[in-house]
There are 2 protein chains.
Amino acid sequence: MTKRSRQQTIRELIANKVVGSQEDLRVLLREAGWDVTQSTLSRDLRELRIARLPTPEGPRYVTPETLGADNGDRTLVEEVLPQFFSSVDGVGELLVLKTIYGGAQPVAEAIDDAGWDEVIGTIGGENTILIVCRSSNARETVANRLRRIADA
Amino acid sequence: MTKRSRQQTIRELIANKVVGSQEDLRVLLREAGWDVTQSTLSRDLRELRIARLPTPEGPRYVTPETLGADNGDRTLVEEVLPQFFSSVDGVGELLVLKTIYGGAQPVAEAIDDAGWDEVIGTIGGENTILIVCRSSNARETVANRLRRIADA
DNA sequence: ACGCACAATGCATATTATTGCACGGCCCGA
DNA sequence: TCGGGCCGTGCAATAATATGCATTGTGCGT
């Protein structure tokens, strides 16, 4: 009955159901025994810092934790690189790829998944990825490939 | 002029400015040389998976990546290094800088921001930073510089 | 018990976002 | 060269969200 428990319920609903609008949420809450207006929900969501994320299937409310984790299913280098790419440079067998802040992790993962022969492994920080290549030559190849993909 | 570059610009704007509405974004884009309608932005934001997060100061658009780490303080190497420095060592073009626990991230960022020519890139973990230098020689230069700054 | 302060909420409305539809440009195959 | 399909976009209508203001309830000090 209290505001706090209502907000707790909201958290659970958001985590477990598809909530596309505050009106959706209102209905779910009614089934759970609460009856409040959309205004209240707007304020609740703000206090809970629950974000609204647009998706191909329409808007969805998500918790910040989910937001970080749910980067969708975009694991293709071709898809993710053009969005995050900043620059590429290197020395010896080492390639250093820079991305916009927060982009290193997803891009590193995508490169890993690509399974390129020239690449031995990757390490991603916040905005920098270290790519260890098989040779200096391989480094050039990969660098060029990355540049081409980034420009797509 | 292309959709992709526009979306790239959107990402940067979202990352660096306070964007509270699609109309805000429209204005910023116009200053950057694009002129599109709010409808288009609605679609762009969906494709970019940029979320709208309610805050006490009103709604804000944020990238999923940004959500986890909100650090607005610009930091100078001279400021953070003496505070966190532990040791520096290396081999070949690689420099390994150790800091006290938790210090790697801010220091790595500060070094990035410094924009030293000898440095190709940095990756920070919890208490260790890997610095990729342009050459073995460059590594020496940087190592000495770091030591000097750390002692200040 | 009274009255004040303040949190919580609803109501009405302002502000924002989404979307159906249509149109123009482009690329491709015949 | 001529369609045909498709992508990107604007426009306008619709849907959804945020908020100013009023009201109610609750606790507290006197």
Side-chain angles (χ1 to χ4, degrees), chain A residues 1-15 17-64 66-67 70 72 74 76 78-79 82-83 149 151-152, chain B residues 1-11 13-15 17-64 66-67:
Chain A
M1 287 314 236
T2 146
K3 174 179 171 186
R4 208 156 196 65
S5 69
R6 181 185 66 235
Q7 293 191 344
Q8 180 55 34
T9 304
I10 289 176
R11 266 195 211 287
E12 286 165 15
L13 288 172
I14 296 291
K17 308 243 182 186
V18 172
V19 181
S21 71
Q22 298 180 1
E23 192 53 32
D24 280 4
L25 182 55
R26 185 155 174 267
V27 171
L28 290 172
L29 272 180
R30 200 145 46 195
E31 291 170 0
W34 275 273
D35 192 353
V36 293
T37 61
Q38 170 267 324
S39 316
T40 297
L41 296 183
S42 174
R43 293 183 266 242
D44 279 347
L45 291 172
R46 176 172 58 211
E47 290 172 19
L48 292 170
R49 300 185 62 83
I50 288 177
R52 193 193 198 213
L53 180 69
T55 76
E57 295 76 38
R60 297 284 181 266
Y61 282 96
V62 296
T63 59
T66 307
L67 231 200
D70 162 39
R74 307 177 303 156
L76 288 177
E78 285 77 5
E79 242 177 282
Q83 309 269 317
I149 293 174
D151 278 344
Chain B
M1 306 302 132
T2 148
K3 174 180 169 186
R4 176 141 266 158
S5 68
R6 181 185 66 235
Q7 293 190 344
Q8 178 58 31
T9 305
I10 290 176
R11 264 188 192 288
L13 289 173
I14 296 292
K17 309 242 184 186
V18 171
V19 181
S21 70
Q22 298 181 2
E23 192 54 34
D24 280 3
L25 182 55
R26 185 156 174 267
V27 171
L28 291 172
L29 272 180
R30 200 146 44 197
E31 289 170 2
W34 275 273
D35 193 353
V36 293
T37 60
Q38 172 269 325
S39 317
T40 297
L41 297 183
S42 174
R43 293 184 266 243
D44 279 347
L45 291 172
R46 178 171 56 212
E47 288 171 21
L48 292 170
R49 303 181 66 84
I50 288 178
R52 192 196 201 206
L53 180 70
T55 75
E57 295 78 38
R60 296 285 180 266
Y61 281 95
V62 296
T63 60
T66 300
L67 254 206

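Because only heavy atoms are used, hydrogens play no part in the values below, and waters and symmetry mates are left out as well, while side chains stay in. Every chain is numbered from 1 and lettered A, B, ... according to where its sequence line falls, protein lines coming before strand lines.
- A close approach under 4.0 Å does not occur between any side-chain nitrogen or oxygen of B:Arg43 and OP1 or OP2 of C:dA17.
- Put simply, CG on A:Leu48 is 13 Å from P on C:dA8, counting in whole angstrom units.
- Checking the phosphate oxygens (OP1, OP2) of C:dA17, no side-chain nitrogen or oxygen of B:Ser42 falls inside 4.0 Å.
- Between A:Lys17 and A:Glu12 there is no salt bridge, since no side-chain N of the basic residue sits under 4.0 Å from a carboxylate O of the acidic one.
- Between the P atom of D:dC11 and the CG atom of B:Asp35 lies a distance of 10 Å, rounded to the nearest Å.
- The separation between B:Leu45 atom CG and C:dT19 atom C1' is 15 Å, rounded to whole Å.
- Between D:dA18, D:dG10, C:dT9, one nucleotide has an atom nearer to the side chain of A:Thr40 than all others, and that is C:dT9.
- Judged by atom type and distance alone, B:Ser39 reaches the base of D:dA12 through a side-chain donor-acceptor pair under 3.5 Å.
- Side-chain proximity of A:Arg52 to the nucleotides C:dT19, D:dA16, D:dG10 is greatest for D:dA16.
- Under 4.0 angstrom from either OP1 or OP2 of C:dT16 there lies no side-chain N or O belonging to B:Tyr61.
- Looking at B:Thr37, its side chain has no donor and acceptor atom pair within 3.5 Å of the base of D:dC11.
- A residue-by-residue look at B:Gly58 and B:Asp44 shows that B:Asp44 has its nearest nucleotide of DNA chain D further toward the 5' end.
- Under the 4.5 Å side-chain criterion, counting only non-hydrogen atoms from C-beta, A:Glu47 is in contact with A:Gln7.
- Considering only the side chain of A:Arg6, C:dT9 comes nearest among C:dA17, D:dT17, C:dT9.
- Side-chain contact between A:Val18 and A:Glu57 is absent, with no heavy-atom pair separated by less than 4.5 Å.
- Inspection of the B:Glu23 and B:Gln38 side chains reveals no N or O donor paired with an N or O acceptor under 3.5 Å.
- Which of D:dA18, C:dA17, C:dT9 sits closest to the side chain of A:Lys3 comes down to C:dT9.
- Counting atom types as modelled, A:Glu23 pairs no side-chain N or O with a base atom of D:dA15 as donor and acceptor under 3.5 Å.
- Helix bend of the helix from C:dA1-D:dT30 to C:dA30-D:dT1: the angle between its two end axes, each built from five pairs, comes to 30° after rounding to 10°.
- In this structure the side chain of A:Arg46 never reaches within 4.5 angstrom of the side chain of B:Thr55, judged on heavy atoms.
- Side-chain N/O atoms of A:Gln22 include one lying less than 4.0 angstrom from OP1 or OP2 on D:dA18.
- Between the side chain of B:Arg26 and the main chain of B:Val36, a donor-acceptor pair closer than 3.5 Å is present.
- In this structure, A:Leu25 and A:Tyr61 have side chains that are not in contact, with every pair of non-hydrogen atoms separated by 4.5 Å or more.
- Taking atom CD1 of A:Ile10 as the reference point, atom P of C:dT9 lies 10 Å away to the nearest angstrom.
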